[in-house]
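Single-structure report; data block below.
This is a predicted model, so every value here is computed, not measured. Numbers for residues simply follow the sequence, beginning at 1.
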Amino acid sequence: MRAKYLLPLLTLIPLVALITSAAYSSGGITFYSPSYNGETYYVGQSITIDAVFPQQFATDGATINFFFPNSSLAATIPVQINGSGGIYVLNAYTFPNVQGTWQITIEVAGGAAVGSINVNVIQKTPLVTVNLGYSVVGQTIPQTPSITLTFPNGTTTTVPLQGTISVPSGTSYQVQSAITEGNVRWATNYVSTGTITPATTSITPTYYQQYSVTFNYTVQGGTGYTPPTVYYHSLGTNETVQAPATVWVDANSAYTYSPQLQSSVQGERWITMNYTGIVKAPGEINAYYINQYLVALQSQVPVYAIVNGVNETLNSTNWFTQGTTIKLENITQYVSSTERYVIANFSPSALVTVNQPTTIKVTTITQYLINVNSPVQLSAFINGVNETLASGWYNQGTTIKIENITYYMGNGERLILGKVFPAPQLTVNSSYTITATTITQYFVNVSSPIPVQVLINGSKTTLNSSWINSGTTIQVLNYTYNVSPQERIIIVGVSPSQSFAVKSPVNLKLLTVTQYLVTINGVSKFYNSGSKIVLNASVPFYETATFKGTYNVSPGATITVNQPITETLVVSPNYLVLGGIAAVIIIVIAVVVIILLRR
């Protein structure tokens, strides 16, 4: 028979110590110690021989023999049977370190009665004291878990997993792994089986309250996605499973789905917003995935858009739910107060409905602020087109060529362009302030029969009717203009004055007189045109005189100077007078002669 162990009061007591009627008979001899064939003893343990013989052998001598497992004699002990037919030899023999099955024989009267019994000699296994207990993560476990013990002698018992036990070293055990009530259980990941050794001090597994949970998922739109992976806690450790799946999950522990599902199409995915949570009860957990597409943005400026009615700033990469409408806003980006980027074009368009992966390209133009500082409105060829140049934003690379235009103010006044800074022609590659200066000019109307010689700001020149800069000083030179050696024009007056500064339109008029050279009898002199000259001459009465030349007139005649004149007095005898005188003389002579003759 096998030894059995009870566990009252947390201590194991050999059952054989409680049973006094146990006995083994062999050859008419009844053995009470050892009490059964195959009883176990330990190396170094003493054995007490307690046996009863048939009454006829009372008071006889007997021999107790101990045989090694190899049947060789180990020891012989002589004994005396008492009057009751029994022997009792306390600590008759101590087993040496020879393990195996020993045979014990008792002989009486030279072999008249022989009984034998076998015992097993083993190395002594000490008792190990082990603390039993458990802890629970979650709600209280509905019943105490159990532990099943299998002793080295092969006996088995199951006890509650609590308190303290003392068992032989080498005792194997198996802990109850789970207690289940429907879709709730308390389970442990403690190694459920093992062997108790002297190093074993406690067996205290932790039981986790768990729910039976089905992790499922739903997908909106599209195909070709990979199922999500669910990360959860089971028995205090991290676990993963591919949905859909039903698993045991620690109560009140966190779970996490894959936040997104990948697609075979680049730029497509499925995401879920309810990908994580706490498992608070058994049942199904469903993650809802929505279809999204990648909208890439290629732009050197921030881009704003109305996304499903909400104003947002687009990133270089954006994931939008299928069907999302994106209305791009054309907003100018200011780099500084003088530089900005203007959106020129959206590709594919300014309104996009997301139904596939899309790349939005934004074309921008760099513009610079051009300030125009000019007293007059400037005209320029802007990229070859004649336009009015005004302060404003101009595209980078724009060519500006300012026209040199005269601005007539009316009433003999005008403005002409002076200097233009930084240059009259430039290409816009930065911000500029174009400053134009003007010169005010007034029209000087010259009225003169002769060239007008003047000093303009000290420099001699001939002045014709022309535009003269405001502030210019003009001094009219008084000179004689020789038309020919016989004709000249002289200045007799200047209007408004001979010297003046130009501050308004001017009518400059030279008052002149034409003079002609008049030569009378070799004496030359210039006379104003229209002058009256009386040609006087004193000649004897007996002579006659005539002015000959330009005009053939007699002395005393008046001539008008309207051309060069040359007059020479020509004198000749007055024959009539001289004849009369001669006649008178003749008469006088004749009278004298007569008188004389009469005397």
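Of the N and O atoms on the side chains of Asn315 and Thr317, not one donor lies less than 3.5 Å from an acceptor on the other residue. For the residue pair Ser25/Thr30, the side-chain donor-acceptor check at 3.5 Å is satisfied. For the residue pair Ser234 and Gln210, a side-chain donor N or O sits within less than 3.5 Å of a side-chain acceptor on the partner. Side-chain atoms of Thr206 and Thr188 form no donor-acceptor pair, as typed in the model, at a separation below 3.5 Å. In the model, Glu239 has a side-chain atom that pairs as donor or acceptor with a side-chain atom of Thr237 under 3.5 Å. Counted by atom type alone, Thr246 and Thr214 present one or more donor-acceptor pairs between their side chains at under 3.5 Å. With hydrogens and angles left out, the side-chain atoms of Asn82 and Thr59 include no donor and acceptor closer than 3.5 Å. Residues Asn355 and Thr353 have side chains that never bring a donor and an acceptor to within less than 3.5 angstrom of each other.
Among residues two or more places apart in sequence or in another chain, the side-chain contact (heavy atoms from CB on, under 4.5 Å) test is passed with Asn311 by Tyr304, Ile306, Glu329.
Using a 30° and 60° split on the angle between ring planes, Tyr257 and Tyr289 fall in the perpendicular class, above 60°. Ring geometry for Phe95 against Phe66 counts as perpendicular: the plane angle is over 60°, on a 0 to 90° scale with 30° as the lower cut. Between Phe31 and Tyr24, the ring-plane angle classifies as tilted under the 30° and 60° cut-offs.
Taking the six-membered ring wherever Trp is involved, the centroid distance between the rings of Trp186 and Tyr208 does not fall below 6.0 Å.
Checking each of Ile47, Asn65, Asn118 against Ile104 for a side-chain contact (heavy atoms from CB on, under 4.5 Å) leaves exactly one that passes, namely Ile47. Among the candidates Tyr211, Tyr232, Tyr275, Phe215, the single residue satisfying the ring-ring contact (aromatic ring centres under 6.0 Å, His included) test with Tyr255 is Phe215. Remark: of the listed residues Val362, Ile360, Thr313, Ile331, Val362 is the sole one forming a side-chain contact (heavy atoms from CB on, under 4.5 Å) with Val303.
For the atom pair Trp270 CH2 and Asn291 CG, the distance stands at 5.5 Å (nearest 0.5 Å). A distance of 7.5 Å separates CD1 in Ile179 from OG in Ser146, rounded to the nearest 0.5 Å.
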